[in-house]
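Written out below as structure tokens is the structure these notes cover.
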Amino acid sequence: MSIYINHISKSYGPVKALDDISFEVSKGELFGLIGPDGAGKTTLIRILTTLLVPDAGTARVLDLDPVKEFRKLRPHIGYMPGRFSLYQDLTVLENLNFFATIFGTTIEKNYHLIADIYSQIEPFKNRRAGQLSGGMKQKLALSCAMVHEPEVLILDEPTTGVDAVSRKEFWEMLARLKERGITILVSTPYMDEASLCDRVALIQNGHILQVDSPASIVESYDRPLLGVRAQNTLRLLEDLRHYPLTHTAFPFGDSVHLALTGEQTDGELLDYLQKKGHTELAIEPIAANIEDCFMELMTEKIA
Amino acid sequence: MKTILYIIQKEFRQIFRNKTMLPILFVMPFLQLIILPFAADFEIKNIRLTIVDMDQSTLSRQLNSHFEASPFFEVTYQLDPGQAADRMQSNDIDLYLEIPSRFEYRLLKEQSAPLHLTIDAINGAKAGVAQAYVQSIVRDFNREVISEWTPQLQPRALAAMGQPVDITFQNWFNPDMDYNTFMVPGILVLLVTMIGGFLSGMNVVKEKEIGTIEQINVTPIRKYQFIIGKLLPFWILALIELAIGMTIGKIIFNIPFVGSIGLIFVFASVYLLLILGLGLLISTFSNTQQQSMFLTWFLMVIFILMSGLFTPIESMPHWAQVLTWFNPIAYFVEVIRMVMLKGSGWADVRGSFISISAFAVVLNALAVWNYRKRS
């Protein structure tokens, strides 16, 4: 077990950021911590990276207690904070050198670890970090977090504010790091990224809603689900939410995913929508994706 | 050790790349050093005096000529005391002297004649100095009148004036009462204090503000390594500034260096540890550079005004004098003046040295204790 979280709670004043959280991350796993802003992801990550002490519960990272054995633990974890935390006024090379040195190593010694990532930004190695693009900053931050050969890599929302292409590239890099046997815990508010993880924990308001592999989560979805399109999506959504059999309706791109409370007779929904004056209607049963499952879980929790 | 050196190297790189930091470090202090002694000059010259001479006699004109001969007064004349009062009201003059009619007559017949002096006392210091100047001129005039006109009365008159013995002054250590000699060492103290106090605190808080502390805190860097690495560059820079500042003092202001320069630097290096500790302590309480700056500024203003740099500590009320025991700037201002101008040695500054060493230890201990790598 690389990461072991046992009944962790943490409050900031009256706000319970984490409420009795427990889960485990196996060695070599790419584990996603998924939840909206304010769910408690960063708090949990800061506890695991020895920066924050929990109010209750215990955690073990690499079989070390982040509270008591933080000094032993720190050299073995790579941490990439949510906010870009490198020195903007130092160059790419200087930043990397700095982090290598304070971990007591050199770039040369561990170049093989970061070659895949660092080679992409090496042409700009004399550029100040502050002048890099968002995607390049992420690559540099990942290089700096990897340069001391950590066994566990903990990333806090690495893809927030990064363009779609860079996000995709970034996940490919994580996949390659995983192949080296590094345990990776990554948090993200983007549910579509869940399918790229081996297992995910869905977190909301300081509670874990579910921990499973993306495939099992999708399988466990048991409601009838329809994809509905119409000419005016906004009005369609509004009307669907007033449809008696509707459980939930969420917009996905230009269609609406409609979960029903039970089976319905053919044509019933079509009639309803036509009466409401919708045109260019298309209704088809669809298989749930991971986002539908999360929406469902979150709705259940609120209800 | 290697880690500390690397952090120091990183700090220097960042300092020299910072386009606002460089002028703050190397231009502003020396501008201050060059400008302040000229501007913050307490010598009062060009006092605007109006004489209302209602006697217009030989003796009154003789008194007038004494004022005109003085380098401290710009003399104008009025015939009506009311007009003189109006001019004081509109801030055209600083004081006026009324010489009543029959001044000469009474002086010669009665051996005594009144003069009336009205002073604008809004600036108390200036008013005091002006009054002293006027009195000294009138005293000279008295003596002259007695010897010239009534020599037969001289012994009795002098006795009546209560001045059988004449006092002469000799100013030691600053024989010409040169204001720069007095101010420049004090301003040097301000410069190193600013560099040490403001910039070091801001430099630590900056890591918090831009978030780099988050990444640093997860590394195996030890607290002491980080703190030493962050503060030592400013310790070095401040000492370099002191050296440059003393050179400027010598070249431009021709400040005497009577005492040991080595002693000043030994004192300064411990003093800077104190100031850096203060900056660090403030930084542990602040989350942004702005907060740390306001806190530092607040303390600095109190320290500077109560340091004896501008006004002597001896003339403060007793409670304020007690407060200066806890004012690091006061110690250094006193020591640097003593050593530079008077040539005081180790034995003379030992007490101050022990005090600031103790403060340095206490402040740094508090700062390190309050500095947290995690919450």
Side-chain angles (χ1 to χ4, degrees), chain A residues 10 12 42-43 45-55 61 66-67 70-91 93-95 97-106 128-131 140-142 144-145 147-148 150 152-156, chain B residues 1-25 199 202-234 284 287-289 368 370-375:
Chain A
K10 175 79 186 175
Y12 299 108
T42 300
T43 304
I45 281 181
R46 298 192 75 223
I47 289 173
L48 295 178
T49 50
T50 75
L51 293 172
L52 203 62
V53 178
D55 298 337
V61 179
V67 179
F70 61 91
R71 206 159 276 155
K72 271 194 213 160
L73 176 58
R74 278 177 182 156
H76 302 289
I77 46 180
Y79 171 46
M80 194 173 142
R83 198 168 144 203
F84 184 69
S85 299
L86 302 178
Y87 294 99
Q88 313 242 9
D89 47 358
L90 295 184
T91 66
L93 187 62
E94 283 164 353
N95 266 298
N97 242 326
F98 178 72
F99 284 99
T101 310
I102 58 180
F103 275 102
T105 180
T106 58
R128 306 265 169 96
Q131 288 155 4
L140 175 60
L142 187 56
C144 289
V147 74
H148 59 287
V152 172
L153 191 57
I154 297 178
L155 311 145
D156 191 9
Chain B
M1 196 58 210
K2 200 180 153 211
T3 312
I4 297 180
L5 283 177
Y6 204 78
I7 299 174
I8 293 172
Q9 187 192 345
K10 181 210 101 181
E11 290 304 322
F12 271 117
R13 250 190 209 138
Q14 288 182 302
I15 291 167
F16 285 103
R17 274 182 201 170
N18 190 328
K19 290 203 174 62
T20 42
M21 193 88 108
L22 278 182
I24 291 176
L25 273 173
L199 298 182
M202 279 172 61
N203 188 33
V204 176
V205 178
K206 191 179 166 201
E207 299 247 359
K208 276 195 204 175
E209 193 174 297
I210 62 176
T212 45
I213 197 100
E214 185 85 354
Q215 190 93 57
I216 291 290
N217 283 350
V218 183
T219 66
I221 288 189
R222 300 292 296 270
K223 198 151 89 171
Y224 77 91
Q225 293 174 325
F226 181 72
I227 290 173
I228 294 175
K230 287 302 269 190
L231 297 189
L232 204 59
F234 291 97
T284 62
N287 287 315
T288 63
Q289 296 186 68
V368 171
N370 202 38
Y371 174 86
R372 290 270 180 278
K373 273 184 87 175
R374 57 184 184 165
S375 43

Name every donor-acceptor pair, under 3.5 Å, that has one atom in a side chain of residues 97-106 of chain A and the other anywhere in the protein, sequence neighbours excluded.
from: A:T101; atom 1: OG1; to: A:N97; atom 2: O; distance (Å): 2.6
from: A:T105; atom 1: OG1; to: A:N110; atom 2: ND2; distance (Å): 3.2
from: A:T106; atom 1: OG1; to: A:K109; atom 2: N; distance (Å): 3.2

By a 4.5 Å heavy-atom criterion (distance strictly below it), what part of [X] contacts chain A: side chain, backbone, both, or neither?
{"X": "B:K206", "result": "side chain"}
{"X": "B:I213", "result": "neither"}
{"X": "B:E207", "result": "side chain"}

Item to check | Interface residue of largest heavy-atom contact number with chain B, from A:R128, A:H148, A:M80, under 4.5 Å | outcome: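 If we count pairs closer than 4.5 Å to chain B, A:R128 comes out on top.
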Next on the checklist: Using a 4.5 angstrom heavy-atom cutoff, name the option from A:C144, A:P81, A:A141 with the most pairs to chain B.
Outcome noted: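 Ranked by heavy-atom pairs under 4.5 Å with chain B, first place is A:P81.
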Next on the checklist: Can you list everything that forms a side-chain contact (heavy atoms from CB on, under 4.5 Å) with B:E209? Sequence neighbours excluded, please.
Outcome noted: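 With neighbours one apart ignored, the set is B:T288, B:Q289.
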Checklist entry - Taking atom types as modelled, is there a side-chain donor on A:Y79 or B:E214 under 3.5 Å from an acceptor on the other? => result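 Side-chain D/A pair, A:Y79 to B:E214: present.
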Checklist entry - Taking the side chain from A:K10 and the backbone from A:T43, do they hold a donor-acceptor pair closer than 3.5 Å? => result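 It does not hold such a pair.
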Checklist entry - Do B:K10 and A:E94 meet the salt-bridge criterion of a basic N to acidic O distance under 4.0 Å? => result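 B:K10 and A:E94: not salt-bridged.
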